[in-house]
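As a basis for the values below, the full set of heavy atoms in this structure was taken, side chains included, without hydrogen atoms, waters or symmetry mates. So that the names make sense, note that chain A is the first sequence line, chain B the second, and so on, each numbered from 1. Computed from a prediction, not measured in an experiment: that's the story for all the values here.
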Amino acid sequence: MMKHRVALLFSLGFACMLAAGWVGFPRTLYSSARQPVDFNHRIHKDKASQKCEDCHSITSEGVFTGTPALANCAACHAEPMGTSANEKVLVAAWVKPGREIPWRSYARQPMNVHFSHAVHVNLGKLSCDRCHGARGDSTTVALYREDRISGYSRHAVSMTMTDCEDCHRQRGVEAGCLGCHK
Amino acid sequence: MGLTRRDFLTLGIGAAAAVPLTPIPWKLLDDTAKWSQNWSWIPRPPRGERSVRYGTCTLCPAGCGIQARCVGKNLIGIAPVAAHPVSHGALCPYAFGAHQLPYHPARITQPLRHGNPASLDTVVAEIAARAKAGAFAILDERPGRAVSAAYQRLAAAHGGLYLVADHTETTTLQHFADGSGRNLADLGLALENVRTLVSFGAPVLESWATPGRVFALWKSGQLEIVQVEAELSKSAALASQWLPARAGSETYLASLLAGAIGIAEAAERTGVRSDKLAGAMRFIHDRGPWLAVSGGGFPLAVEQSIAGLNAGSGAIVARAASSAAGARLARVPDASAGARLSTVPDASVDARLSHVPDASVDVLFIDHGLLGGSVSFDSLRSKVRRGGIVVSLSPYRAGVAALANFVIPTPAFAESLDEAPTPWDAVSPSYALAPALLDPPAGATTALDFINRVTGGDLPPEAAIRAKVGSLFAARRGEVFTFADRATRPVTEFKSAPDLFKAFSTGACWIDRDAKTVAVNYRPVSAGPEARVVAPTRGTAISPPLFTKLDQESRIGRA
C-alpha cells in the first residue's frame, strides 16, 4: 500500500511538472500582441501578382529593406481599393495620417548576430520560404508572441543557429563564426 | 488519510525528476543568455542598414584586403577580400577584430605630458623649442609609405634623423641584405619556388610575413614546414616536422643543414633524437628547394649561419624592374624623384636604429602605427640624451606610449587615410590605400601632421599620398585589382592620377606582377652590432578582444 502511494505521488508530481513545463510555462513565458494591421499576403500574391521582393526588396548596395515602409503600402492604397475591413483600417489609421506602421518583427535576431539577405538570396539562391516558411501564402498575420525574458519573438525559433549550421553543412558552405556573429 | 510531509516530498521529487524533460531549464538558460546581452550597460552593436566598404588592413606590413561591414558610420565586422592578389582572401585574427580597436580602453584623445593631460598647443610649443635647440630623430615603425618619404625629407631638411627599427620577421632577410650589399627593401622571399620552409623559431603559421600567401602554399601542400623550436608553439604543432632543439643549440642544426657536422654530433648538442634528425634531413633534402628563416633573437653568428643556409638557393631574391633592363630595382614608384626613398621597408644602414649611437638624440619622435608599437622602451631611451624626451605618436596609452614623456593621440584603425606598401616578403611590388572609414575623435592628429607642426614641415599626409599615387600613374606599369568587382585592369586604363586615387580610395591594390626577380649572392659580413634593437613585427601594445578569442580558440587545419 505504502509503495503504491509513493509511486502514485511520484507519478503525479512527474505528470504535473510535465504539464506545467509543456503547457503552462510557454503560456506564462510569452506575451501576445496583435499586429497593427491584419495583412493578407495571399491576396497580394494572387490578385496583385506581387512577389516577395516587390515589398521586401534588396537594394543595389545589397541592403535588405526588411519590413516595408508605409510609402510602399501608400503607393497602391492611398484610397481603399476593395471593401475589406482591414484595408479600411490601413488607409484610415495609417496611410491618411501618414503614420508608419509599427510592425512587430517575427524574425529579429539577437544583437550579436547579423544576417545578410543579399548573400543568401542573390548568391545562395535561397527562396524566402526556406527560412520564413509559407508566409507568402498566409491570409492573416500570426499573433505576435514575445518572450518576456529575452525580448525576442517566439517565431524566431525557426531560425536558430542550428538551422543555419544544418543548411550550411548540407550545401557545403563554410561561414565560420564571424560569418554571422559580429 | 491526510497528506504527510513525506507525501509532499515524494510529489516534489517526482516533479523535480520531470524538470529536465520539460523546456523550462533549457529555455531559461537560453533566454537568460539573450537577456544578459541586452543589459543597459553592455555596448550594443548598432542596428540599421548594413553596407560594405572596402579597404586595406594596415595593422602590419602584410596589407591584406578587407571588406568592412558597416551600419551607418560604425564598423561592425571585418572580412577578407576573396582573390586579393596580396592576401589571397585571408586575414589574421588581429584584422578580424580590428573594428574593435578604436574603442579600446587604452585609447587616448588628448595629448599627455608626463602622463597628465595637456593642450595640444602647449605640447607643440614645448617640443618645438626642444627640437630646435637639439638633435631630433623620427623613428618610423611602419616604413615604406609615402608618409615615410615625407619623414625622410623633413628630417633631411631640418637636420634630423630618419630611423627604422630591425624587426624579428625580417632578421634573416636583413642579414642577407647586409651580406649581399643590397637594401632590405629590394629583397623578397620566393616562397613559390621552395618546397620546405625551415623555421628557426619563426611563427610561420601564426601571422608571419603575408599570412594569406604562406597559408595558401601550406594548405595546398606545396610548402611544408620544419619547425626548430624548444617549445611547442602553434607553428611547431602544425609543422610537418618539429625539432625541439634545446634553447641555444639552434646553431648546431644550422651547421647540420649546412653539412658542417654530422647527425650524431647534432643530436648530442641539440637533444633531438638522431633518428628524428635523420628523418628531418631526408624530408628536407628529398622535397627539393628549401628556405631557412629565423624568428630573431639569436646571437649574430647564429643569425648569419641561418641566413647563409640560403646562399645560392634562389629562395631569397631581389625584385628587378620589368622594363628598365634590370638596371634599376623594381620599387613602388615614388614622387621624390631621384631620392627613391619610399620603399618597403627602407632600411639603408644609416637609417637603422641599431646604428645610432647611444645618448645622441634630444627629441625622439616615434610613429608607432596602429597597434601601439613594438620596440622596447629601454632600447629607445638609450638613444636619448639625459634630459632628452621621447614623443610617442600613438592612438593608445600602452607599451612605449605608457612610458614616453609626451604622448600625442593619433587616429586608430580606419580613422585616417593610410597606406599599405609592398609586404616585406613579397616578390612583386604592390601598393594599396586604406581609406578612412570612421571619423577620428576630436583631438586625434596624424603623426605627420604633428611632426610638421613641430618642425615646420609643410607636406600634409594626403598630399604625400596623392603624390605617390600620381607617380604610380605616371610610371604606367603594373595592374590594379579592385575589390568590389574583383576585376583587374592595367594602370594604363586609368584616365588620370585622380581617377587612380579614387579607385584606391574605394578599395583597390596595385601590383606589378611582371616585375622580374634576380638571384642574390650572400657573403656573411663581420661588421654590425651584436645586440640589435630587434622588435617583434606584430608584437603590439594592445589587441582587440576578438583577437584573443580567435587566437585561443582557432583550430587551424588543412580542411
Side-chain angles (χ1 to χ4, degrees), chain A residues 1-3 5-26 28-30 58-66 105 108-119 147-152 154 156-157 160-161 174-182, chain B residues 1 3-4 6-28 30-38 42-53 69-71 74-80 91 93 96-97 99-100 484 546 549-550 553-554 559:
Chain A
M1 181 64 186
M2 189 63 186
K3 269 187 182 176
R5 184 183 172 84
V6 168
L8 186 71
L9 286 168
F10 182 89
S11 303
L12 186 66
F14 196 89
C16 286
M17 181 51 74
L18 283 181
W22 287 102
V23 181
F25 177 67
T28 313
L29 183 64
Y30 296 105
I58 296 170
T59 67
S60 56
E61 289 84 34
V63 176
F64 180 61
T65 54
S105 172
R108 191 166 69 94
Q109 293 288 322
M111 286 290 184
N112 62 340
V113 177
H114 68 85
F115 176 86
S116 169
H117 279 86
V119 169
D147 188 317
R148 293 180 201 274
I149 300 173
S150 71
Y152 295 101
R154 186 182 191 182
V157 293
T160 63
M161 192 169 90
E174 277 187 42
C177 304
L178 298 176
C180 306
H181 288 279
K182 290 172 186 170
Chain B
M1 192 169 65
L3 287 170
T4 64
R6 179 186 290 268
D7 292 337
F8 280 112
L9 193 64
T10 311
L11 205 68
I13 291 171
V19 167
L21 302 178
T22 70
I24 294 173
W26 321 115
K27 187 67 185 157
L28 285 178
D30 191 35
D31 278 2
T32 45
K34 287 177 187 165
W35 171 63
S36 68
Q37 291 171 2
N38 296 325
I42 293 179
R44 292 182 181 203
R47 281 194 180 276
E49 288 194 358
R50 280 187 290 275
S51 59
V52 170
R53 296 177 69 187
R69 296 165 180 164
C70 309
V71 170
N74 296 290
L75 296 186
I76 59 162
I78 303 287
L91 283 185
F96 272 115
H99 61 291
Q100 298 175 333
L546 188 59
K549 186 174 174 63
L550 290 178
E553 295 181 1
S554 61

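Taking CG from B/Leu28 and CZ from A/Phe25, the interatomic distance works out to 4.0 Å, rounded to the nearest 0.5 Å. Separation of atoms CG (B/Asn38) and CD1 (A/Ile149) is listed at 12.5 Å; rounding is to 0.5 Å.
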Applying side chain to side chain contact (heavy atoms under 4.5 Å, CB included) to A/Leu9 and B/Arg6, what does each step give before you reach the verdict? CA-CA 10 Å; A/Leu9 286 168; B/Arg6 179 186 290 268; over 6 Å; no
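For a residue to count as touching a neighbouring chain, one of its non-hydrogen atoms must lie under 4.5 Å from one of that chain's; by this rule A/Leu29 touches chain B with the side chain only. Contacts between B/Ala79 and chain A at a heavy-atom distance below 4.5 Å are absent for every atom of the residue.
Within 6.0 Å of CZ on A/Arg148 lie more than 12 heavy atoms contributed by other residues, nucleotides or ligands.
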Quick one: side chains of residues 10-23 of chain A, donor-acceptor pairs under 3.5 Å with protein atoms, not counting sequence neighbours, listed by atom name and distance.
| unit_1 | atom_1 | unit_2 | atom_2 | d |
| --- | --- | --- | --- | --- |
| A/Ser11 | OG | A/Ala7 | O | 2.7 |
| A/Trp22 | NE1 | B/Leu21 | O | 3.0 |

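What you find for B/Thr10 and A/Val6 is that their closest heavy atoms are CG2-O, 3.3 Å.
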